[in-house]
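I have placed the structure first, in the form of structure tokens, so that the comments after it can refer back to it.
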Amino acid sequence: MLFEDAITVSTIVAIDGPAASGKSTTAKLVAQRLRFMHLDTGAMYRAVTLVCLESQLAPQESPQLTQLLADLDIQFKTTGADQCTLVDGRDVTMEIRSAEVTRQVSAFSALPEIRERLLDMQRRIGAAHDVVCEGRDIGTRVFPDARFKFYLVADLEVRAQRRLDELQLAGQQPSLAAIVEELRERDREDSTREHSPLRKAEDAIIIDTTGLTIEEQVDLIAAHVETRLQQGD
Ligand code: DC
């Protein structure tokens, strides 16, 4: 066999956008429909943030942070339609969605050392699997050559209402005004940071989900990808 024959070229669907723009639910369902892996890079940044907070590290470079990143083991486990995030084998799926992690994650994800470590993990996963990968810098930095790129946007109030619905389902009772502020602040931090800020890739297709149902946005993306794959584009 020629060496080239052994190289697998996987298909990457990159989905970027601001907080609560519907990326996670959309990416998960698009991945199921295409039978691709769902790679939630936000969950990876949240997992590192959780471990740093547990180790009482501040969001700044330090020898302890370097050591923590060297030892870091993040895995995803899929059971049926659900995906769990594991850190060192521990299931942290619920903990990484806590208010404290959500408040701190933008500060930790601005650190270049953390970004480089996760970038490496994300590219390894993308080299081995067909993936629907969602985050902030997927189309610009992680997979700039991704075959498919989408950028999801939605009005701030609509995003806040969706996040409120999610949190209420999880038994929390925050105010809509507090969520609007939290999203505005996180968008500001994510889009103004120096390293890999939230930005639309030039060749990404914008999808405004303000007036769309989840089914509609999933169908738009999956149908686009399926058509191109069938045509062999
Ligand atoms: O998608 P999310 O809300 O779970 O992401 C949590 C945070 O992680 C987000 O505020 C910024 C950071 N993040 C990032 O910097 N780069 C990514 N590719 C994904 C997330």
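Position 1 is the first residue of the sequence; numbering continues from there. Each ligand, and each atom within it, is numbered from 1 in the order the structure gives. Just so it is clear, the values below take in all heavy atoms, side chains as well, and ignore hydrogens, waters and symmetry mates.
Checking Thr102 against Arg46 by side-chain atom types alone, a donor-acceptor pair falls below 3.5 Å.
In terms of the side-chain contact (heavy atoms from CB on, under 4.5 Å) criterion, residue partners of Asp71 (sequence neighbours excluded) are, by chain and number, Gln67.
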Nitrogen or oxygen contacts under 3.5 Å, ligand 1 side and protein side:
residue  : atom   : partner : partner atom : Å
ligand 1 : 1 (O)  : Arg136  : NH1          : 3.0
ligand 1 : 3 (O)  : Arg46   : NH2          : 3.3
ligand 1 : 3 (O)  : Arg136  : NH2          : 3.3
ligand 1 : 3 (O)  : Arg186  : NH1          : 3.0
ligand 1 : 4 (O)  : Arg46   : NE           : 2.8
ligand 1 : 10 (O) : Ser106  : OG           : 3.4
ligand 1 : 10 (O) : Arg186  : NH1          : 2.8
ligand 1 : 10 (O) : Asp190  : OD2          : 2.8
ligand 1 : 15 (O) : Arg115  : NH1          : 2.9
ligand 1 : 15 (O) : Arg115  : NH2          : 3.4
ligand 1 : 15 (O) : Arg193  : NH1          : 2.8
ligand 1 : 15 (O) : Arg193  : NH2          : 3.0
ligand 1 : 16 (N) : Arg115  : NH2          : 3.0
ligand 1 : 18 (N) : Thr41   : OG1          : 3.0
ligand 1 : 18 (N) : Arg136  : N            : 3.1
ligand 1 : 18 (N) : Asp137  : OD1          : 2.8

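In this structure, Asp40 does not pair ionically with Lys23, as no charged nitrogen and carboxylate oxygen lie closer than 4.0 Å. A salt bridge links Glu100 to Arg103: one of the charged nitrogens lies within less than 4.0 Å of a carboxylate oxygen.
Both Leu39 and Ile138 are members of a single hydrophobic cluster when ILVMFWY side chains are connected at heavy-atom separations under 4.5 Å.
Contact check for Ser21 versus Arg159: side-chain heavy atoms found under the 4.5 Å cut-off.
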